[in-house]
Amino acid sequence: MRTSYCGTLRAADAGREVSVCGWVARRREHGEHLAFLDVRDHTGVVQCVVARADAARPEHVVKVSGTVRLRPEGTANPSLSTGEVELADCKLEVLNAAEPPPFVLDGHAEVDEAVRLKYRYVDLRSARMQRNLRLRASVNSALRRAMERLGFVEIETPLLWTPTPEGAREFVVPSRLQHGSFYALPQSPQIAKQLSMVGGVDRYYQIARCLRDEDLRADRQFEFTQLDLEASFVGETDVRAFVTEAVKEAAEAVTGQRPPEFDQMTWAEAIARYGSDKPDLRFGMEITDVSGVLRASELKALRAASVKAIVHPGGASTGRARLDSLVERAKALGAAGLVWMRVVPGDGPGALEVDSPVGKYLSHGERSGVLAACGAAAGDLVLLVAGEHRRSCEVLGQLRLDLARPAVGTGGLRFAWIVDFPLFDGVDELGRPQAAHHPFTMPNPEDLELLETDPLAVRALSYDLVLNGWELGSGSIRIHRADVQRRVFSALGMGDDEVEARFGFLLGAFRYGAPPHGGFAFGIDRLVALLAGEENIREVIAFPKTQSGADPMTGAPGPLGARQLAELGIKIVG
RNA sequence: GGACCUGUGGUGCAGCUCGGAGUGCACGCCGGCCUGUCAAGCCGGAGGUCGCGGGUUCAAAUCCCGUCAGGUCCGCCA
């Protein structure tokens with residue numbers, strides 16, 4: 001039907017007889033005998049010269065046959081890939097007429113997302129969506145290449161799995177053959193892939209759809225896609241090397257450049273320096289501990305266990321209203337308060353003074369000590385939070401992002417491995433430790449004895465991959481011995497009966513020869529969004545859902561008919 | 001479960017604080033003119049449940065209450 005794609009024609013093609021197919025992007029009419037028609041396909045647009053264009057309205061589907069020729073002197077369009085040529089002596093065939101589209105696809109108007117989603121099939125024609133979908137495909141392709149090169153074998157795991165009421169809320173599917181029983185759609189193929197290790201697969205991977213019935217966000221959809229992998233007879237560094245290789249291959253496929261070595265720091269270091277377990281390393285403003293300087297301060301509030309500071313370079317010009325809102329923000333984040341200091345020149349060369357509500361309560365030595373400790377200079381803004389170590393760090397970590405985070409798509413790609421996560425993160429209302437990662441995570445062997453005595457201090461053999469402040473994914477070495485697994489379940493407050501009911505088949509498998517193994521999973525939607533410079537994963541998903549979980553195009557979710565409900569043994573009560 | 005922002009011809013906005021006739025801008029659409037444009041240009045035209053419901057008022061896009069939808073965030077996401 002066609003000989004060429006629209007966006008590929010160049011000066012070197014001059015003289016060729018070609019046919020292109022696509023959509024009418026735009027037309028420019030000059031009276032009876034001359035009109036220009038821009039025909040668009042996924043590769044771009046090409047200008048076709050026709051006598052009359054009445055029959056070809058925007059978004060009509062057309063086939064144009066003609067001769068490629070150089071445009072007349074002075075009429076080339078350098079902003080177009082095909083700007084040096086045009087199609088002349090055209091035969092125009094309308095393959096399908098179209099109603100005027102609900103919005104224009106010229107990339108200039110910012111169209112409301114709800115409208116775009118309702119007419120997603122039109123929206124997908126835009127250069128932006130075409131680019132994002134193809135970028136995503138090349139990421140998938142690169143990931144597969146890397147995994148195959150590393151000896152991983154692609155295995156499909158069930159979508160209809162058994163309910164495991166741990167972690168994220170599950171989507172469930174009623175069983176027609178066993179009324180009252182349900183399948184669960186997998187939050188991740190975690191257990192299946194571990195069983196594949198017991199099954200001697202050695203190296204498993206899958207580009208897996210995961211489903212979680214939790215509230216949606218800019219970086220979270222009900223269903224999302226992970227590169228999921230697991231390997232036997234490996235340690236932490238092996239797993240990280242596999243993932244690093246795959247991610248680098250994907251980034252290179254998109255950017256043309258192999259990314260530099262990934263940073264690596266411990267979880268404790270990430271919290272202390274950036275106030276986050278997913279630090280954005282594209283900029284500085286690291287947190288400084290100034291507790292020592294203020295230990296004997298007249299200000300009781302600053303004699304806390306831990307006083308932290310960040311410096312906002314050039315922030316001394318920040319107005320009172322803005323500072324007040326920062327104080328409110330800090331309180332909303334859980335800080336007792338926020339002390340700000342505008343750094344101004346003092347008397348004498350190089351001397352500094354502070355303009356701060358608490359300035360007069362601090363000695364000269366304390367004021368200069370704080371400035372020296374965090375390296376502040378005249379014109380900067382210093383923010384102090386006092387309280388418990390982790391909370392103070394996290395509050396300042398959030399303010400750091402609020403004040404200075406670079407826009408998505410700028411500042412390059414700063415990958416970082418965060419290692420040595422704690423095994424448990426806090427306790428629930430009954431005082432039981434909560435698994436930070438998942439309950440199959442191997443405790444650090446050095447900390448095994450703390451499982452029963454000080455569980456919150458136990459480090460895990462687990463690690464996260466972070467890119468520009470987004471958590472891409474996480475992984476761990478798994479427990480492969482039933483006795484250790486039982487101790488962890490016990491620390492989690494799960495009794496033998498409960499464990500048996502939920503994970504009996506997994507513990508059973510571990511009795512039949514489970515190799516040491518570990519793995520990882522990371523979100524492809526997030527990786528692709530960051531590589532595409534999008535701040536929302538919906539922009540890299542062909543048919544995403546809104547924040548309330550609806551699809552404006554299909555109307556999903558929708559009701560079931562009485563007959564279908566009866567077949568499933570389901571009665572709607574609310 | 002909660003906080004905040006948004007909702008006005010097909011699209012994007014302004015109008016809302018201080019109530020006074022659906023007022024305005026840009027794009028698109030329809031028709032006319034136009035032989036080198038390229039986000040073409042010029043002229044004309046059509047197109048409205050101001051998200052929805054209620055209240056206040058002589059009078060509501062505008063003020064108040066409720067509700068729905070979209071978005072950002074908190075909770076949630078082992």
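Proteins come first, then strands; the chains are lettered A, B, ... in the order of their sequence lines, and each starts at number 1.
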Novice: What are the two closest non-hydrogen atoms of A/Tyr204 and A/Lys193, and how far apart are they?
Specialist: CE2-CB, 3.4 Å

Novice: Please name the nucleotide paired to B/G24 by Watson-Crick or G-U wobble geometry with both distances under 3.5 Å, or report none.
Specialist: B/C13

Novice: Without swapping roles, check the side chain of A/Arg71 against the backbone of A/Glu86 for a donor-acceptor pair under 3.5 Å.
Specialist: no

Novice: Would you mind reading off the distance between A/His60 atom NE2 and B/C29 atom P, rounded to a whole angstrom?
Specialist: 11 Å

Novice: Under 4.0 Å between any heavy atoms, over every strand shown, what does A/Ala332 touch: base, sugar-phosphate, or nothing? Just pick one.
Specialist: nothing

Novice: What is the pairing partner of B/G19, taking Watson-Crick or G-U wobble pairs with both distances under 3.5 Å in any strand?
Specialist: none

Novice: I'd like a list of close polar pairs between nucleotides 69-71 of chain B and the protein, N/O only, cut-off under 3.5 Å.
Specialist:
residue, atom, partner, partner atom, Å
B/G70, OP1, A/Thr546, OG1, 2.9
B/G70, OP1, A/Ser548, OG, 3.1
B/G70, OP2, A/Ser548, OG, 2.7
B/G71, OP1, A/Gln547, N, 3.1
B/G71, OP2, A/Gln547, N, 2.7
B/G71, O3', A/Arg538, NH2, 3.2

Novice: If you look at every heavy atom in A/Pro552 and A/Ala550, which pair is closest and at what distance?
Specialist: CD-O, 3.6 Å

Novice: Kindly state which residues belonging to residues 462-498 of chain A come within less than 4.0 angstrom of RNA chain B, counting heavy atoms of the residue only, listed by number.
Specialist: none

Novice: Pick the P atom in B/G2 and in B/U11, then give their distance to the nearest Å.
Specialist: 31 Å

Novice: Please report the shortest heavy-atom distance between A/Leu185 and A/Leu160, naming the atom on each side.
Specialist: CD2-CD2, 4.1 Å

Novice: With a cut-off of less than 4.0 Å, is there a side-chain N or O of A/Arg217 near OP1 or OP2 of B/C74?
Specialist: yes

Novice: Using distance alone, with no hydrogens and no angle criterion, decide if A/Gln206 and A/Thr157 have a side-chain donor and acceptor under 3.5 Å apart.
Specialist: yes

Novice: Can you sort out the partners of A/Phe440 under ring pair (Phe, Tyr, Trp, His ring centres under 6.0 Å), two or more places apart, ordered by chain and number?
Specialist: A/His438, A/Phe503

Novice: In whole Å, what separates the P atom of B/C50 from that of B/U62?
Specialist: 10 Å

Novice: Knowing that exactly one of A/Lys118, A/Arg116, A/Arg128 qualifies, which makes a side chain to side chain donor-acceptor pair (under 3.5 Å) with A/Asp123?
Specialist: A/Arg116

Novice: Select from A/Glu535 and A/Gly167 the residue whose nearest nucleotide in RNA chain B is closer to the 5' end of that strand.
Specialist: A/Glu535

Novice: Counting primed atoms plus P, OP1 and OP2 as sugar-phosphate and everything else as base, spell out the protein contacts along nucleotides 30-41 of chain B at 4.0 Å heavy-atom distance: B, S or - for each nucleotide, 5' to 3'.
Specialist: SS--BBBBBBB-

Novice: Measure CD/A/Glu170 against P/B/C77 and give the value in whole Å, please.
Specialist: 13 Å

Novice: Could you check A/His42 against A/Tyr5 for side chain to side chain contact (heavy atoms under 4.5 Å, CB included), going step by step and ending with a plain yes or no?
Specialist: CA-CA 8 Å; A/His42 67 274; A/Tyr5 287 115; 3.5 Å; yes

Novice: Should the pair A/Arg538-A/Glu113 be classified as a salt bridge under the 4.0 Å nitrogen-to-oxygen rule?
Specialist: yes

Novice: Mapping A/Ser188 and A/Arg329 onto RNA chain B by nearest heavy atom, which one lands closer to the 5' end?
Specialist: A/Arg329

Novice: Between B/G9 and B/C76, how far apart are the C1' atoms? Round to whole Å, please.
Specialist: 41 Å

Novice: Does A/Pro439 reach a base, just sugar-phosphate, or nothing at all? Heavy atoms under 4.0 Å.
Specialist: base

Novice: I'd like a table of atom pairs between the protein and nucleotides 42-45 of chain B - only N or O on both sides, under 3.5 Å - with the distance next to each one.
Specialist:
none

Novice: Partner of B/G41 by Watson-Crick or G-U wobble geometry, both contacts under 3.5 Å, or none?
Specialist: B/C33

Novice: Taking atom C1' in both B/C4 and B/A40, compute the distance separating them and give it to the nearest angstrom.
Specialist: 43 Å

Novice: Are there over 12 heavy-atom neighbours, none belonging to A/Asp483, within less than 6.0 Å of that residue's CG?
Specialist: yes

Novice: Write down the atom of A/Asp280, the atom of A/Asn468, and the distance for their closest heavy-atom approach.
Specialist: OD2-O, 3.2 Å

Novice: In whole Å, what is the span from the CZ atom of A/Arg391 to the P atom of B/C74?
Specialist: 14 Å

Novice: Would you kindly give the NZ-to-C1' distance between A/Lys278 and B/C77, to the nearest whole Å?
Specialist: 10 Å

Novice: Work out how far the P atom of B/C65 is from that of B/G70, and round it to whole angstrom.
Specialist: 23 Å

Novice: Does a donor on one side chain sit under 3.5 Å from an acceptor on the other, for A/Glu170 and A/Thr164?
Specialist: yes

Novice: For A/Tyr119 and B/U11, what is the distance between atoms OH and P respectively, to the nearest whole Å?
Specialist: 8 Å

Novice: What pair of heavy atoms forms the shortest contact from A/Tyr463 to A/Phe421, and how long is it?
Specialist: CA-CD1, 4.3 Å

Novice: Is there a donor-acceptor contact under 3.5 Å linking the side chains of A/Glu394 and A/Gln398?
Specialist: no

Novice: If I pick the C1' atom on B/G24 and the same atom on B/G48, what distance separates them, to the nearest angstrom?
Specialist: 14 Å

Novice: Can you find a side-chain donor-acceptor pair between A/Asn132 and A/Glu534 that sits under 3.5 Å?
Specialist: yes

Novice: Across all strands, who's sitting opposite B/G66 as a Watson-Crick or G-U wobble pair, both distances under 3.5 Å?
Specialist: B/C52

Novice: Which whole-number value in Å describes the distance from A/Asp402 CG to B/C73 C1'?
Specialist: 11 Å

Novice: Nearest whole Å is fine: how far is B/U72 P from A/Arg220 CZ?
Specialist: 11 Å

Novice: Between B/G7 and B/A14, how far apart are the two P atoms, rounded to whole Å?
Specialist: 7 Å

Novice: Within the structure shown, what part of the strands sits under 4.0 Å from A/Gln434 by heavy-atom distance: base, sugar-phosphate, or nothing?
Specialist: nothing

Novice: With sequence neighbours excluded, tell me which residues meet ring pair (Phe, Tyr, Trp, His ring centres under 6.0 Å) with A/Phe171.
Specialist: A/Phe222

Novice: Tell me which nucleotide, if any, is Watson-Crick or G-U wobble paired with B/U72 when both distances must be under 3.5 Å.
Specialist: B/A3

Novice: Between A/Phe103 (CZ) and B/G9 (P), how many Å, whole number?
Specialist: 16 Å

